[in-house]
Every structure is written in C-alpha cells, then in structure tokens.
Participant: 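Structure in structure tokens, see below.
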Amino acid sequence: MGDSAAEDRFDGILLAMAQQHEDGVHQLVDTFFSFLRRKTDFFSGGEQGAAEKLVTDTFKHHQRLGAQIQMEKEVKREAEKKEKVERAVITEVKEKSEPEPKQPKIKELTDEEATKLQKEIDQKKEQESDVDGITANGEKPVENPDSKQAESESEGEEDEKDKGKLKPNTGNGADLPNYRWTQTLSEVDLLVPFQVNFRLKSRDLIVEIQRRHLKLGLKGHPPIIDGEMFNDVKVEESSWLLEDGKSVNIHLEKINKMEWWNKVVTTDPEINTKKINPENSKLSDLDGETRSMVEKMMYDQRQKAMGLPTSEEQKKQDMLKKFMEQHPEMDFSKAKFS
C-alpha cells in the first residue's frame, strides 16, 4: 500500500491539484481516474475485476486508517475534556476555599490612651534601630555598595531581556501589521487578511504548511509569511480555510503541547510569554452534561471534607433505609455494610 514514512511526499503536488478543482473531492477523483483511463492500461491491462478489486482494497485500507485516526481524536478530545473538568474543579474549589479577608476592628481611643500608645511605638522603634545599627563587635556595619549595585544590575538585566517584546493580545498571541495570531497550549491560529479589490479563490493562493515551515501568499506577489516556525506542528492535523474571499484562516496543531510560542515564524517580533494569561476553565464555559458532572464532583468533595456521605453513599443509604422500612421483620443490627 506504500511506505507510510514517505506518504506525504506528493502532498505539495496533490494539494496544488486539489486547489484547481473548485467542485471539490468529486471532481478531483474524477480527474485521477480519467488520467488512469487515458494514459495507462489500468482498466484493460489486468484480469477482469482486478482494477475494481485494487480500488476497493485501497479504499478499505485508508477507510480503516481514517477510522483509527478519528478514534484517536475522540480519545484525545475526551482526555482534554476531562482535563478541562479537573481544572474547573480546582479553580472553583480554590476560589471557594480562600477565606475572606478579615476586616480590622476599629476602636476609638481617648486622647490620653492615644498619647501613651504613640510613646510606646516611638520607644520600640528606637530600640529596634539601636539593635539593627550595631554588629556583634559593637561597631556599626558598613554597607557594601558593590552588593547593592549587583542586585540592581540583576533586576535591570531581567527587565532588559523582556524589553522591546510585545505584550500578548487577548488570545495570547500578537496583532501584527500583516496578520493576527492567537494560541493555546495545543494549537495556533492565524487570521491573514488580503487587501485586494476582487474575491479571492483557492487557486489564487500559495499555502504551504510543513512540519516547521509556513508559507502563505498571493500568486505573483511576495509571500506575506515565509519562514521557519517557532516549533514543529502536526501537518496532518493542521489546515487552512479561505473566508469570504478576503482572508485566510490557518490552524496549526502543536506537537509540544506544554509550551507557549513567543512568535509564529522566526522573523516575527517576540511576545513576552511571561504576560500570557492561561485559559482558566469556569463552570459557565462547560456544557450542561459536563457542568452537572463537575457540580457532583464538587459536592462529593465538600461532603468528604466534612466527613459526610457522598452522593453515591447517600443513595445507597436511602435505598437501604427504604428496604429496612419495607421489611421490618428482618434484624439488621448485626449487619455490616460497605
């Protein structure tokens, strides 16, 4: 069926062909079989039914691969959904567990009490300053100007590294002159507008998404983006879409899902990743089913913290109580229940 390692070898050619077929996959497949009919002996060179069997077997092979990839995506989505639920629980529990700041009690003092209190404060300050100003040898310590200078230089150096970096936009990316990009830990999205006075079609564009290189532009014009990316992406899970004939959306799936990008391509200005705001999942962001599950988990967690039965344990106790009421003749005094 072909070497999987070299499976993407002709992607550039096939992608260029696909972009020329405005009617979609149906037209592309028709063109391919037309080529086999006109330029090869595919339909007449073998035994009867051999060509049809080859097409059927190849179709079934890739159908199985497609189903496997889809299943892996479903598993990944479920894992991300579970992670989102856990983050929501942690965020909600943390917010509810933080104690409200206690307001200081205000007591009105008399003039005499206020004078006495002020004297005590002044005496305490004098004693502390005397102790702090004398070393074990009875001498006042001399401040080291070098240590102060080194400290200020280290702080300045840390700020100097981030000097000139862009502040992330609301999507943790950047708004650049030619395009806007946003990101999460797992993906990067670009919106590239084209200033043209006609409606763009796929055949007017050059879009190349490689493992670590991105190129986008209008045919016959210098590319808007053409460079090495910050890190590797999954080509098979990345995609692009032409919107309203005026702009292109590019979706990149990160391979390393544990880092923030400070730029899309190496020629772009950097953003300050220290100022990125990671997405915090709230209960309001979740769908009804997931939200119910989160609320149940939170309820059970609170019950356990108070030494009370969880919702499942409560349900078992209610069922047992109902059974005991229905069978008063039975003695449950020595029964053990888990």
Participant: Would you call Lys316-Glu312 a salt bridge at under 4.0 Å N-O?
Facilitator: no

Participant: Which residue pairs pass the side-chain hydrogen bond (donor to acceptor under 3.5 Å, both in side chains) test when at least one of the two sits in residues 233-248, sequence neighbours left out?
Facilitator: Glu243-Asn249

Participant: For residues 186-194, run the donor-acceptor check on the side chains, cut-off 3.5 Å, and write out each pair with its distance to 0.1 Å, sequence neighbours left out.
Facilitator:
| residue | atom | partner | partner atom | Å |
| --- | --- | --- | --- | --- |
| Ser186 | OG | Thr184 | OG1 | 3.3 |
| Asp189 | OD1 | His251 | ND1 | 2.9 |

Participant: Can you name the residues that form a side chain to side chain contact (heavy atoms under 4.5 Å, CB included) with Phe59, not counting sequence neighbours?
Facilitator: Gln63

Participant: Just jot down the side chain to side chain contact (heavy atoms under 4.5 Å, CB included) partners of Arg77, sequence neighbours excluded, or say none.
Facilitator: Gln70, Lys73, Glu74

Participant: What side-chain hydrogen bond (donor to acceptor under 3.5 Å, both in side chains) pairs are there with at least one residue in residues 42-56, not counting sequence neighbours?
Facilitator: Lys53-Asp57

Participant: Indicate if Ile206 and Tyr179 have the same hydrophobic cluster label, given that clusters are the connected sets of ILVMFWY residues with side-chain heavy-atom separations under 4.5 angstrom.
Facilitator: no

Participant: If the condition is salt bridge (Lys or Arg N to Asp or Glu O under 4.0 Å), which residues does Arg37 pass it with, not counting sequence neighbours?
Facilitator: none

Participant: Can you tell me which residue pairs pass the salt bridge (charged side-chain N to carboxylate O under 4.0 Å, His left out) test with a partner in residues 254-266, sequence neighbours excluded?
Facilitator: Glu253-Lys257, Lys263-Glu270

Participant: Residues in side chain to side chain contact (heavy atoms under 4.5 Å, CB included) with Met258, at least two apart?
Facilitator: Asn256

Participant: Other hydrophobic cluster members with Leu65, side-chain heavy atoms of Ile/Leu/Val/Met/Phe/Trp/Tyr under 4.5 Å, chained?
Facilitator: none

Participant: Suppose the criterion is salt bridge (charged side-chain N to carboxylate O under 4.0 Å, His left out): which pairs have a residue in residues 166-182, not counting sequence neighbours?
Facilitator: Asp175-Arg180

Participant: Pair up each side-chain donor or acceptor in residues 217-226 with any protein partner under 3.5 Å, not counting sequence neighbours, and list the distances.
Facilitator:
| residue | atom | partner | partner atom | Å |
| --- | --- | --- | --- | --- |
| Lys219 | NZ | Arg203 | O | 2.8 |
| His221 | ND1 | Lys219 | O | 3.2 |
| Asp226 | OD1 | His213 | NE2 | 3.2 |

Participant: Could you pull out all residues at least two apart from Leu28 that satisfy side chain to side chain contact (heavy atoms under 4.5 Å, CB included)?
Facilitator: Met17, Ala18, His21

